[in-house]
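The next block holds one structure in the form of structure tokens; read it before the comments.
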Amino acid sequence: PCLPALPEGEALHRLCLGLQRLPPEPEVRYAALFLDGPGLLRQAMGALRADRRCTEGALELAGSYSLPIPRGRGEVARAINRMGRVRFLQLLELQLALPPAGAGQEALEQAAAHARELLEGGACLSLKELAVGGRELMELGFESGPALGRTLALLLEQVLDGALPNQREALLRAAGRLKP
């Protein structure tokens with residue numbers, strides 16, 4: 001198989017400038033080359049005999065590239081939770097180097113600032129970082145199962161929104177109010 005054609009003219013010039021600003025991570029750079037078409041990206045990754053992890057990463061980045069830029073601390077926290085820290089930061093780097101159509105540079109820089117603040121501040125961004133777990137909720141009388149998982153997810157949502165601190169006592173009080 002052969003590589004698909006790259007853009008030409010002004011689009012190629014923009015792409016080259018953007019590639020210079022990207023980190024030397026293969027999945028980020030491959031995603032940048034074929035942002036317009038997952039089919040072309042998949043074909044290129046096959047022709048290059050890229051490994052599965054790199055291919056999946058590039059496809060995820062290219063697929064997420066045009067999603068709306070998260071606004072505010074809570075939206076950025078949710079995006080990090082959904083995508084994972086590394087992948088979200090890669091997406092931001094890609095969008096900052098090659099801004100999507102209609103995406104304002106200010107919105108991208110604001111999202112990057114929120115991400116830095118959350119990550120450097122050690123914010124809780126996943127269930128495993130929540131100050132309570134299933135065991136503590138079962139001690140409150142919750143039964144193991146889907147309801148327990150939903151309660152933990154609701155607590156995490158409130159922490160991501162900033163409505164609830166990631167502190168054991170506060171989370172247990174909130175969980176007690178959620179108990180059926």
Please name the pair of heavy atoms, one in [X] and one in [Y], separated by the smallest distance, quoted to 0.1 Å.
{"X": "A97", "Y": "G18", "answer": "CB-O, 3.5 Å"}
{"X": "A107", "Y": "I69", "answer": "O-CG2, 3.7 Å"}
{"X": "A123", "Y": "R73", "answer": "CB-NH2, 4.3 Å"}
{"X": "A31", "Y": "A62", "answer": "CB-N, 4.1 Å"}
{"X": "G57", "Y": "E27", "answer": "C-CB, 4.0 Å"}

Within the 4.5 Å heavy-atom criterion, are [X] and [Y] side-chain neighbours or not?
{"X": "M83", "Y": "Q90", "result": "no"}
{"X": "P70", "Y": "F88", "result": "yes"}
{"X": "R14", "Y": "P99", "result": "yes"}
{"X": "L91", "Y": "Q95", "result": "yes"}
{"X": "L35", "Y": "L61", "result": "no"}

Would you kindly confirm whether [X] and [Y] end up in one hydrophobic cluster when ILVMFWY residues are joined by side chain heavy atoms under 4.5 Å apart?
{"X": "L67", "Y": "L94", "answer": "no"}
{"X": "L48", "Y": "L19", "answer": "yes"}
{"X": "L92", "Y": "V76", "answer": "yes"}

Could you work out, with side-chain contact (heavy atoms from CB on, under 4.5 Å) as the rule, every residue matching [X], not counting sequence neighbours?
{"X": "L96", "value": "Q105, L108, E109, A112"}
{"X": "A113", "value": "R116"}
{"X": "L154", "value": "L178"}

_Side-chain (Y65) to main-chain (L98) donor-acceptor, under 3.5 angstrom_ = yes

*For L33 and L41, run side-chain contact (heavy atoms from CB on, under 4.5 Å): C-alpha distance rounded to whole Å, both residues' side-chain angles, the deciding distance at 0.1 Å, then the answer.*
CA-CA 8 Å; L33 289 172; L41 178 54; over 6 Å; no

Sequence neighbours excluded and cut-off under 3.5 Å, please list the side-chain donor-acceptor pairs for residues 129-143, or say none.
{"from": "E129", "atom 1": "OE1", "to": "R85", "atom 2": "NH2", "distance (Å)": "2.9"}
{"from": "E129", "atom 1": "OE1", "to": "L125", "atom 2": "N", "distance (Å)": "2.6"}
{"from": "E129", "atom 1": "OE1", "to": "S126", "atom 2": "N", "distance (Å)": "3.2"}
{"from": "E129", "atom 1": "OE2", "to": "R85", "atom 2": "NH2", "distance (Å)": "2.2"}
{"from": "E136", "atom 1": "OE1", "to": "G133", "atom 2": "N", "distance (Å)": "2.7"}

*Could you list the residues that satisfy salt bridge (charged side-chain N to carboxylate O under 4.0 Å, His left out) with E56, not counting sequence neighbours?*
R52

_What verdict does the salt bridge (Lys or Arg N to Asp or Glu O under 4.0 Å) test give for E93 and R21, after you've listed the backbone C-alpha separation in whole Å, the side-chain angles of each residue and the deciding distance to 0.1 Å?_
CA-CA 8 Å; E93 289 174 316; R21 294 188 297 260; over 6 Å; no

*Going through the distances and angles, do V159 and L155 end up as a side-chain contact (heavy atoms from CB on, under 4.5 Å)?*
CA-CA 6 Å; V159 170; L155 292 173; 5.6 Å; no

Starting at [atom1] of [X], measure out to [atom2] of [Y] and round the result to the nearest 0.5 Å.
{"X": "L119", "Y": "H114", "atom1": "CG", "atom2": "NE2", "result": "12.5 Å"}
{"X": "C124", "Y": "L160", "atom1": "SG", "atom2": "CG", "result": "6.5 Å"}
{"X": "F34", "Y": "M45", "atom1": "CZ", "atom2": "CE", "result": "9.5 Å"}
{"X": "D161", "Y": "E75", "atom1": "CG", "atom2": "CD", "result": "9.5 Å"}
{"X": "L171", "Y": "L156", "atom1": "CG", "atom2": "CG", "result": "9.5 Å"}
{"X": "C54", "Y": "E25", "atom1": "SG", "atom2": "CD", "result": "10.0 Å"}

*asked:* Heavy-atom count check: over 12 atoms from other residues, nucleotides or ligands less than 6.0 Å from R42 CZ?
replied: no

_Considering only residues two or more places apart or on different chains, which pairs with a residue in residues 163-179 satisfy salt bridge (charged side-chain N to carboxylate O under 4.0 Å, His left out)?_
none

